[in-house]
Structure formats: C-alpha cells, structure tokens
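Below is one structure, written out as structure tokens; the observations come after it.
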Amino acid sequence: RCVYEVDLSSYGRQVLPAEIELAQSVVASSDGHVHAVVGRWVVWESLDNRDSRLDSESDYLGRALTWPHYVQAVAAVGTESGVLDPVEVRAGQQLRLSVVVRQGKGKRTGAAGPEFSMHLDGSVA
C-alpha cells in the first residue's frame with residue numbers, strides 16, 4: 001500500500017513542508033509478533049501511468065543501491081531501554097501506522113529526497 005507519493009520530476013524545485021505526519025490503519029494478517037516495520041521505494045513512469053515501474057523486485061541491476069528498504073524496529077510498550085521486545089498481534093487486529101515524512105530543513109540526516117520515520121501504535125478501537 002502506498003503511504004506517500006513524491007513527484008521526483010519536481011522535487012527540490014518547490015517549497016515543501018518540513019514535516020508531515022500521516023497515519024493509516026493496518027490489519028495483522030496472522031497471529032504473531034511484530035519486530036519491525038519495513039517500507040520501500042517504488043517508482044512509476046508518472047502518477048497517471050503505473051504500467052512501468054522500478055522497485056526492489058525489478059530486473060534493473062542497480063536496484064539494490066537505488067531502491068532501499070526502510071526498516072524501523074518495533075518495541076512493545078514498557079520495554080526497558082536497550083531491549084526490543086516485539087509487539088504481539090492477533091489475526092484481524094487493527095493497528096495504527098504513523099509515518100513522519102521530513103523534507104528540506106526538517107530532515108535529520110543527509111539523505112537525498114524525503115526522510116521517513118515509522119511507528120506502529122497499539123490496537124485501533
């Protein structure tokens with residue numbers, strides 16, 4: 001599922017908000033433990049034409065360098081410092097995925113393009 005779209009043909013030529021927080025509901029597909037949230041880039045020819053795409057599964061040989069995966073560790077509430085106890089989930093459980101997108105002066109690293117931070121909140125009522 002797409003969480004955030006960037007038009008790379010105009011990125012850097014327009015003033016963008018320093019930080020945007022987005023939230024989506026996600027549903028656990030099975031019982032288990034969540035250790036991390038993983039995101040990745042997918043690039044289409046245009047917002048109107050998604051027939052051609054480049055992503056981590058494309059045959060393009062440079063994909064490992066250019067299409068990174070973003071991994072954010074998840075820790076259960078109350079986990080002590082230095083420990084990452086996973087979050088237990090049940091099939092069908094709805095959780096809230098918060099994604100912070102930082103751009104321009106809002107970025108905390110030297111990453112080119114947007115910078116992402118992901119957080120998985122407990123059950124959605």
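No hydrogens, no waters, no symmetry mates; every other heavy atom, side chains included, goes into these values.
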_Minimum heavy-atom distance between P86 and A76, given as atom pair plus value_ = O-CB, 3.6 Å
*Is there side-chain contact between Q24 and V99, with heavy atoms separated by less than 4.5 Å?*
no
*To the nearest 0.5 Å, how far apart are CZ in R108 and CD in E19?*
6.0 Å
*Of all the heavy-atom pairs spanning V87 and V74, show the shortest one and how long it is.*
CG2-CG1, 3.3 Å
Can you list, pair by pair, the side-chain donor-acceptor contacts under 3.5 Å of residues 26-37, counting residues two or more places apart and other chains?
residue: D31; atom: OD1; partner: A91; partner atom: N; Å: 2.7

*asked:* I'd like to know if Y70 and V100 are part of one continuous hydrophobic network [Ile/Leu/Val/Met/Phe/Trp/Tyr, side-chain heavy atoms within less than 4.5 Å].
replied: no
*Could you pull out all residues at least two apart from V38 that satisfy side-chain contact (heavy atoms from CB on, under 4.5 Å)?*
H69, V71
*Working to the nearest 0.5 Å, report the span between CE of M118 and OG of S98.*
11.5 Å
*Measure the spacing between NZ of K107 and CZ of F116 and express it to the nearest 0.5 Å.*
10.5 Å
*side-chain contact (heavy atoms from CB on, under 4.5 Å) assessment of Q103 paired with I20*: CA-CA 9 Å; Q103 302 174 97; I20 301 168; 4.0 Å; yes
_Please determine whether the number of non-hydrogen atoms from other residues, nucleotides or ligands lying under 6.0 Å from atom CD of E80 exceeds 12._
no
